[in-house]
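Each remark here refers to the structure printed beneath this line.
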2 protein chains.
Amino acid sequence: MQTQTTPTAPQSRASSQPQASGRSLEHPRREAIRLEDVLHALSDPMRMRVVRTLEEENCELSCSVFDLPVSKSTTTHHFRVLRECGVIHQIYRGTAKMSALRRDDLDALFPGLLDSVLAAAALQEGRLGGNRG
Amino acid sequence: MQTQTTPTAPQSRASSQPQASGRSLEHPRREAIRLEDVLHALSDPMRMRVVRTLEEENCELSCSVFDLPVSKSTTTHHFRVLRECGVIHQIYRGTAKMSALRRDDLDALFPGLLDSVLAAAALQEGRLGGNRG
DNA sequence: AGTGTAGTTTGACGATCGCCGTACTACTTC
DNA sequence: GAAGTAGTACGGCGATCGTCAAACTACACT
């Protein structure tokens, strides 16, 4: 994704790279993450799809690369749910909003949970015949 | 439901223990169990409590031993959700309805998932201060 | 300044959820 | 039989969910 090239020096007022914009995003502290909220977040196919993609790519991704089969506002909603329950971290970079899995926090709080959920999703996908969704 | 007009049928008392009654309970086949349904089922605190108790006791338990802080009809509802999504197996024994975890099925479909979810629940309970909710 | 891209906010919608009480069925025991 | 116990079915209630369209804000690139 990301033709990361963008060599034309983000000369912007700031010094180096496109930094987080003024808009602020609320994230729960690690200790505030609740298992039931995480399970609920992951019980939606759209959100599971997002989490699986983030895991596979293993890097920050902008919301727009996901191309979910729902409207823009619904996409915003799902990312917000994932962020507010502590599953992903989001940050503004210019006009994009980058998302990343909060792997370290989740692994610290619930060891092995994310791995087994993702493995289960992959297994089920294979079982049901590659309906990635 | 079925007008079991077989009066001589309940010979059970004479023979052995109370067997499964005529009332039938629908369970999804193993292959029909869906990850998203399981995660949704476990995202409710009442149902998580039931599942944790079943795991700890590791045997069939009647609904009435759980003593959830909700009404009888709500309890029925939660057990039904757990059964219909494939997390528990239920069977009538006389006037009681016994419930048991479908550990083998869940472990076969989603290896490690149940364990890590239960471990996560235990960890969180310790973290948040023993509110066994 | 003007156009375009990326994402948000609002308000609405139907569906589902968790919960209740009441009335009911199925079984056991007296 | 009658009485008691265990659980179900049926609405109904308010809250939340997933979804959408429309109007909006924030940034980038001419």
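Chain naming here is simple, since letters A, B, ... match the order of the sequence lines and numbering starts at 1 in each.
Here the nucleotide nearest the side chain of B:H78, chosen from D:dG7, D:dG18, C:dG18, is C:dG18. For B:R80, the listed nucleotide lying nearest its side chain is D:dA9; candidates were D:dG7, D:dA9, C:dG18. In this structure, of C:dC20, C:dA6, D:dA21, it is D:dA21 that holds the atom nearest to the side chain of A:S71. For A:T95, counting side-chain heavy atoms from C-beta on, the closest listed nucleotide (D:dT19, C:dT5, C:dC19) is C:dT5.
Contact annotation: A:T76 side-chain N/O to C:dT8 OP1/OP2 distance is under 4.0 Å. A close approach under 4.0 Å does occur between a side-chain nitrogen or oxygen of B:S64 and OP1 or OP2 of D:dG7. OP1 and OP2 of D:dT25 both lie 4.0 Å or more from every side-chain N or O belonging to A:Y92.
Summarising the geometry, the separation between CG on B:L25 and P on C:dA26 is reported as 14 Å, rounded to the nearest angstrom. One interatomic measurement links the two molecules: CD of B:E36 to P of C:dC17, which rounds to 13 Å at whole-angstrom precision. The interatomic distance linking A:E60 (CD) with C:dG7 (P) rounds to 13 Å, in whole Å. For A:F79 and D:dT19, the CZ to C1' distance is 16 Å, given to the nearest whole Å. B:R47 places its CZ atom 8 Å from the P atom of C:dC17, with the value rounded to the nearest Å. Atom CG in B:L39 sits about 16 Å away from atom P in D:dC17, given to the nearest Å. Between A:K72 atom NZ and D:dA23 atom P there is a gap of 13 Å when expressed in whole angstrom units. To the nearest angstrom, C1' of D:dC27 lies 15 Å from CE of A:M98.
With respect to the salt-bridge test (charged N to carboxylate O, under 4.0 angstrom), the residues B:E55 and B:R103 qualify. Between B:D105 and B:R102 a salt bridge is recorded (basic side-chain N to carboxylate O distance below 4.0 Å).
A:T75 comes within 4.0 angstrom of nothing in the nucleic acid, heavy atoms only.
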Step-by-step side-chain hydrogen bond (donor to acceptor under 3.5 Å, both in side chains) determination, B:S43 to A:S43
CA-CA 8 Å; B:S43 73; A:S43 73; 5.3 Å; no

List the steps, then state whether side-chain contact (heavy atoms from CB on, under 4.5 Å) holds for B:R52 with B:L118.
CA-CA 7 Å; B:R52 293 185 66 193; B:L118 289 168; 3.8 Å; yes

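In terms of position along DNA chain D, the nucleotide closest to B:A96 lies nearer the 5' end than the nucleotide closest to the other residue of the pair B:A96 and A:V81. Each of B:S73 and B:H77 was assigned the nucleotide of DNA chain C with the nearest heavy atom; the assignment lying further toward the 5' end belongs to B:H77.
For A:K97 against C:dG7, no side-chain N or O and base N or O form a donor-acceptor pair under 3.5 Å.
Within the model, atoms CD of B:Q90 and CG of B:L82 stand 8.0 Å from one another, a figure rounded to the nearest 0.5 Å.
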